[in-house]
Undergrad: 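Following this message is one structure expressed as structure tokens.
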Amino acid sequence: MPDLQGVLDEIAAEMSMRTDRGALPDYIPQLAKVDPDRFGIAVALVDGRVLTAGDAEESFSIQSVSKVFTLTLALGKVGDSLWRRVGREPSGNPFNSIVQLEHEAGVPRNPFINPGAIVVADILLAGHQPREAIGEILRFMQFLADDDGIVIDHQVAASERATGFRNAALANYMKSFGNLDHSPELALGVYFHHCAIAMNCRQLALAGRFLADRGRSADGHSVVSAERARRISALMLTCGHYDGSGDFAFRVGIPAKSGVGGGIMGAVPGVGSVAVWSPGLNAHGNSQLGTLALEKLARAMNWSVFGA
């Protein structure tokens with residue numbers, strides 16, 4: 001087995017030298033201000049060890065990576081009835097496309113594209129005020145990472161709300177089909193705030209470790225069943241990178257979820273979870289160097305779920 005810390009250090013050193021770093025997402029003004037030269041990576045192994053390299057302790061906006069955790073919470077609330085309102089298929093379209101919603105009567109293709117995550121936020125609102133639902137999501141993240149220092153970046157949330165016209169269109173369109181129980185404004189408020197959670201690579205890797213360890217937390221307690229952890233991971237593999245999910249599975253082969261903040265969180269079954277961050281994005285809205293780093297990591301450690 002290769003030396004994992006050595007592999008991480010080598011990847012971080014190589015990424016620091018790359019000039020093809022992708023483009024910052026300028027449609028969210030706060031994210032366009034991030035230093036594009038940043039790169040961090042962390043691995044949280046199921047045996048309790050955490051290894052890091054690069055800017056792994058610097059916080060960033062996890063954006064759509066948060067959808068893994070809101071989906072986990074929503075499944076805990078309503079179980080498989082969730083799938084009547086959200087599909088489980090890859091979209092093949094950009095994450096904020098409205099085209100499929102018309103053809104599929106307001107039912108989003110999967111929970112990781114924007115309309116699907118807005119429906120999940122609507123489910124989490126049931127019986128709660130928006131502030132309570134947001135607090136529940138944040139506490140869940142803090143619990144998983146065992147770190148009360150995880151916070152919401154309210155400047156990012158405000159920036160998203162001020163420019164989120166397409167997300168508002170998606171929410172209103174689904175409301176017209178009866179697939180939102182609450183007002184679009186309330187569902188969007190929860191959605192914008194959980195996307196604005198700020199974490200570093202170490203925290204994010206720790207938060208995702210339960211998916212690699214049959215649904216168990218670091219202290220051995222069950223967060224979700226092993227079956228549910230497996231199914232969430234399956235969705236990450238098939239749908240976690242928007243219309244670039246097939247290419248990511250082909251190149252990397254690790255169940256993972258990306259976010260336009262430049263973060264990617266992946267889970268290697270039985271081994272551990274990995275979080276990588278580089279803010280420049282490729283054409284699909286996924287971290288350009290993060291994808292490359294995970295490809296190199298999977299190859300070096302033989303971590304692809306498809307084998308060597």
Undergrad: For the side chain of K257 and the backbone of G240, is there at least one donor-acceptor N/O pair under 3.5 Å apart?
TA: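 Yes, K257 side chain to G240 backbone: donor-acceptor pair under 3.5 Å.
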Undergrad: Tell me, please, which residues at least two apart from E104 pass salt bridge (charged side-chain N to carboxylate O under 4.0 Å, His left out).
TA: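 With neighbours one apart ignored, the set is R109.
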Undergrad: Is it the case that D122 and Y191 place a side-chain donor and acceptor less than 3.5 Å from each other?
TA: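 Short answer, no.
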Undergrad: Any chance you could pull the hydrophobic cluster mates of L24, using side-chain heavy atoms under 4.5 angstrom and chaining through other members?
TA: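 Grouped by the 4.5 Å side-chain rule, L24 forms a cluster of one, so the answer is none.
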Undergrad: Could you work out, with side-chain contact (heavy atoms from CB on, under 4.5 Å) as the rule, every residue matching N110, not counting sequence neighbours?
TA: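 side-chain contact (heavy atoms from CB on, under 4.5 Å) check on N110 returns S91, F112, I113, C239.
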Undergrad: Evaluate the ring planes of F248 and H241, with Trp represented by its six-membered ring, and classify them as parallel (under 30°), tilted (30 to 60°) or perpendicular (over 60°).
TA: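 Taking H241 first and then F248, their aromatic rings lie parallel (interplane angle under 30°).
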Undergrad: Do D219 and H221 have side-chain atoms, one donor and one acceptor, less than 3.5 Å apart?
TA: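 A donor-acceptor contact under 3.5 Å links the two side chains.
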Undergrad: Determine yes or no for a side-chain-to-main-chain donor-acceptor pair under 3.5 angstrom, with W277 supplying the side chain and G261 the backbone.
TA: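 Side chain of W277 to backbone of G261, a donor-acceptor pair under 3.5 Å: yes, one is there.
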Undergrad: Please identify each residue that fulfils salt bridge (charged side-chain N to carboxylate O under 4.0 Å, His left out) with R216, with sequence neighbours left out.
TA: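 For R216, the residues satisfying salt bridge (charged side-chain N to carboxylate O under 4.0 Å, His left out) (neighbours in sequence not counted) are D213.
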Undergrad: Could you check whether any side-chain heavy atom of D55 comes within less than 4.5 Å of a side-chain heavy atom of F60, counting everything from C-beta outward?
TA: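 No; the side chains remain at least 4.5 Å from each other.
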Undergrad: Do side-chain atoms of S66 reach the backbone of H194 as a donor and acceptor pair under 3.5 angstrom?
TA: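 Yes.
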Undergrad: Donor-acceptor pair, distance only, cut-off 3.5 Å: does the side chain of S287 make one with the backbone of S278?
TA: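 Such a contact is found between S287 side chain and S278 backbone.
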Undergrad: Taking the side chain from S245 and the backbone from L237, do they hold a donor-acceptor pair closer than 3.5 Å?
TA: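 A pair under 3.5 Å: no.
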Undergrad: For a side-chain contact (heavy atoms from CB on, under 4.5 Å) check, start with the C-alpha distance between L235 and I232, then their side-chain angles and the critical distance, and finish with the verdict.
TA: CA-CA 5 Å; L235 283 169; I232 293 170; 5.7 Å; no
Undergrad: Listed by chain and number, what are the side-chain contact (heavy atoms from CB on, under 4.5 Å) partners of V260, not counting sequence neighbours?
TA: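 Testing V260 for side-chain contact (heavy atoms from CB on, under 4.5 Å), a comparison that skips the adjacent residues, returns Y27, I28, L31, Q63, F95, L281.
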Undergrad: Quick check on the hydrophobic clustering: are F39 and V43 connected, directly or via other members, by side-chain heavy-atom contacts under 4.5 Å?
TA: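 Looking at the clustering, V43 is in the same group as F39.
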Undergrad: Quick one: does F192's side chain get under 4.5 Å of N167's, heavy atoms only?
TA: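 Side chain of F192 against side chain of N167, heavy atoms only: contact under 4.5 Å found.
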Undergrad: Under 3.5 Å, side chain of R214 to main-chain N/O of V224, donor-acceptor pair present?
TA: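 The answer is no, because no donor-acceptor pair under 3.5 Å joins these two groups.
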Undergrad: Please check this pair: side chain of S258 against backbone of I264, looking for a donor-acceptor N/O pair closer than 3.5 Å.
TA: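 No; zero donor-acceptor contacts below 3.5 Å.
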Undergrad: For the residue pair Y173 and F177, categorise the inter-ring angle as parallel (less than 30°), tilted (30 to 60°) or perpendicular (more than 60°).
TA: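 Rings of Y173 and F177: perpendicular, over 60°.
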Undergrad: By the side chain to side chain donor-acceptor pair (under 3.5 Å) test, which pairs, at least two apart or in different chains, include something from residues 137-157?
TA: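 For residues 137-157, and leaving out neighbouring residues, the side chain to side chain donor-acceptor pair (under 3.5 Å) pairs sorted by first residue read D147-Q203.
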Undergrad: Between N179 and G106, is there a donor-acceptor pair closer than 3.5 Å when you use the side chain of the first and the backbone of the second?
TA: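 Looks like yes, one N/O pair under 3.5 Å.
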Undergrad: When Ile, Leu, Val, Met, Phe, Trp and Tyr are grouped by side-chain heavy atoms lying under 4.5 Å apart, directly or through other members, which residues fall in the same group as V50?
TA: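 Hydrophobic cluster check, V50: joined to L206.
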Undergrad: Less than 3.5 Å apart, any donor N or O on the side chain of K67 or S64 sitting next to an acceptor on the other?
TA: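 Result is yes, a qualifying pair exists.
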Undergrad: Enumerate the residue pairs fulfilling salt bridge (Lys or Arg N to Asp or Glu O under 4.0 Å) with a member in residues 290-302, sequence neighbours excluded, ordered by first and then second residue.
TA: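 Non-adjacent pairs meeting salt bridge (Lys or Arg N to Asp or Glu O under 4.0 Å): E14-K296, R251-E295, E295-R299.
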Undergrad: With clusters defined by side-chain heavy atoms of hydrophobic residues (ILVMFWY) lying less than 4.5 Å apart, directly or transitively, does V34 cluster with M15?
TA: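 Cluster IDs for M15 and V34 differ.
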Undergrad: State which residues pass salt bridge (charged side-chain N to carboxylate O under 4.0 Å, His left out) with D26; sequence neighbours excluded, sorted by chain then number.
TA: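 If we apply the salt bridge (charged side-chain N to carboxylate O under 4.0 Å, His left out) test to D26, skipping adjacent residues, there are no hits.
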Undergrad: Start with the C-alpha gap between R85 and D181, add the side-chain angles, then the distance that decides, and say whether side-chain contact (heavy atoms from CB on, under 4.5 Å) holds.
TA: CA-CA 11 Å; R85 297 178 59 185; D181 294 334; 3.4 Å; yes
Undergrad: Does W83 have R88 sitting over its ring (NZ/CZ under 6.0 Å from centre, angle to axis within 45°)?
TA: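 Yes, a cation-pi geometry holds between R88 and W83.
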Undergrad: Going by heavy atoms in the side chains, are V268 and V305 under 4.5 Å from each other?
TA: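 They are not in side-chain contact.
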Undergrad: Listing request: all salt bridge (Lys or Arg N to Asp or Glu O under 4.0 Å) pairs with a residue in residues 4-13, at least two apart in sequence or in separate chains.
TA: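 Passing the test, one end in residues 4-13: no pairs.
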Undergrad: Please check if the side chain of R209 supplies one atom and the backbone of A44 the other of a donor-acceptor pair under 3.5 Å.
TA: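 Absent.
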Undergrad: Taking side-chain contact (heavy atoms from CB on, under 4.5 Å) as the definition, give me every residue that meets it alongside E227, ordered by chain and number, with sequence neighbours left out.
TA: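 By the side-chain contact (heavy atoms from CB on, under 4.5 Å) rule, E227 matches S225, R230, R231.
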Undergrad: Is a donor on one side and an acceptor on the other found under 3.5 Å between the side chain of T52 and the backbone of A56?
TA: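 Side chain of T52 to backbone of A56, a donor-acceptor pair under 3.5 Å: no, none is there.
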Undergrad: Salt bridge (charged side-chain N to carboxylate O under 4.0 Å, His left out) with R202: which residues, sequence neighbours excluded?
TA: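 E57.
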